[in-house]
Colleague: 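Sharing a structure with you now.
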Amino acid sequence: MNRIKDLRLARGMQQEDLARLLSVTRVSISRYETGVHSIDAETICRLCDIFGCTADYLLGRSSRPDPDLSPEEEQLLAAYANASDEIRENIDHMLERYKKGDTASAPTA
């Protein structure tokens, strides 16, 4: 169930944040992430909706979180998940500028 933790961290969420979305306690999230507590089907569906992944990925039956993502896109998501807080903040800042159309001051390749 480390995938729940990986997905949560990739989105910059604390256990408390996810607990709030699922209407459970932080302790429940900790138990889900460590495999101490089983997850019912409804909660699995809600987690898939929150994280935008398939149940197969969440349950470890597939290595692809979203079958619509290319391997390159999956690599980018993994790199983001493993990046330091400072790097993620910089990426988030650049993406916000891009979404607002402020590409003039963005670095070019």
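Remember, predicted model here, so these are calculated numbers, not experimental data.
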Colleague: With a 4.5 Å cut-off on side-chain heavy atoms, are Asp6 and Phe51 touching?
Modeller: no

Colleague: Enter the distance from Lys99:NZ to Met94:CE here, rounded to the nearest 0.5 Å.
Modeller: 13.0 Å

Colleague: To the nearest 0.5 Å, what is the distance between CG (Asp49) and CD1 (Ile44)?
Modeller: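 If I round to the nearest 0.5 Å, the distance is 12.0 Å.
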
Colleague: Working note: Asp17 + Gln14, criterion side-chain contact (heavy atoms from CB on, under 4.5 Å); need CA distance, chi angles, decisive distance, verdict.
Modeller: CA-CA 5 Å; Asp17 301 324; Gln14 299 293 319; 3.5 Å; yes

Colleague: Per the side chain to side chain donor-acceptor pair (under 3.5 Å) rule, which among Arg20, Lys5, Glu33 passes with Gln15?
Modeller: Glu33

Colleague: By salt bridge (Lys or Arg N to Asp or Glu O under 4.0 Å), which residues pair with Asp85, not counting sequence neighbours?
Modeller: Arg88

Colleague: Are Val36 and Val27 in one and the same hydrophobic cluster, where Ile, Leu, Val, Met, Phe, Trp and Tyr link if side-chain heavy atoms are under 4.5 Å apart?
Modeller: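 No, it is not one cluster - the side chains of Val36 and Val27 are not joined through contacts under 4.5 Å.
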
Colleague: Measuring from atom OH of Tyr32 to atom OG1 of Thr43, what distance do you get when rounded to the nearest 0.5 angstrom?
Modeller: 4.5 Å

Colleague: About how many Å separate CG of Leu59 and SG of Cys48, when rounded to the nearest 0.5 Å?
Modeller: 7.0 Å

Colleague: Leu58 vs Ile39, test: side-chain contact (heavy atoms from CB on, under 4.5 Å). Steps then yes/no.
Modeller: CA-CA 11 Å; Leu58 194 65; Ile39 306 174; 5.8 Å; no

Colleague: List in chain and number order the residues that pass salt bridge (Lys or Arg N to Asp or Glu O under 4.0 Å) with Arg46, two or more places apart in sequence or in another chain; answer none if no residue qualifies.
Modeller: none

Colleague: Ala19 and Arg26: which non-hydrogen atoms are nearest, and at how many Å?
Modeller: CB-N, 3.7 Å

Colleague: Would you say the side chain of Val24 lies within less than 4.5 Å of the side chain of Leu18, judging by non-hydrogen atoms?
Modeller: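 No, every pair of side-chain atoms sits at 4.5 Å or beyond.
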
Colleague: So, taking the atom named CE in Met13 and the one named CZ in Arg8, what distance separates them when rounded to the nearest 0.5 Å?
Modeller: 8.0 Å

Colleague: Kindly write out the residues that satisfy side chain to side chain donor-acceptor pair (under 3.5 Å) with Ser30, not counting sequence neighbours, or none if the list is empty.
Modeller: none

Colleague: Applying side chain to side chain donor-acceptor pair (under 3.5 Å), name anything that partners Glu72, two or more places apart in sequence or on another chain.
Modeller: Ser70

Colleague: For the atom pair CG (Leu9) and CD1 (Ile4), what is the distance rounded to the nearest 0.5 Å?
Modeller: 11.5 Å

Colleague: Side chains of residues 75-83: which donor-acceptor partners sit under 3.5 Å, not counting sequence neighbours?
Modeller:
{"unit_1": "Tyr80", "atom_1": "OH", "unit_2": "Asp92", "atom_2": "OD1", "d": "2.6"}
{"unit_1": "Tyr80", "atom_1": "OH", "unit_2": "Asp92", "atom_2": "OD2", "d": "3.0"}
{"unit_1": "Asn82", "atom_1": "ND2", "unit_2": "Ala78", "atom_2": "O", "d": "3.0"}

Colleague: Check salt bridge (Lys or Arg N to Asp or Glu O under 4.0 Å) between Arg11 and all other residues, then give those that pass, not counting sequence neighbours.
Modeller: none

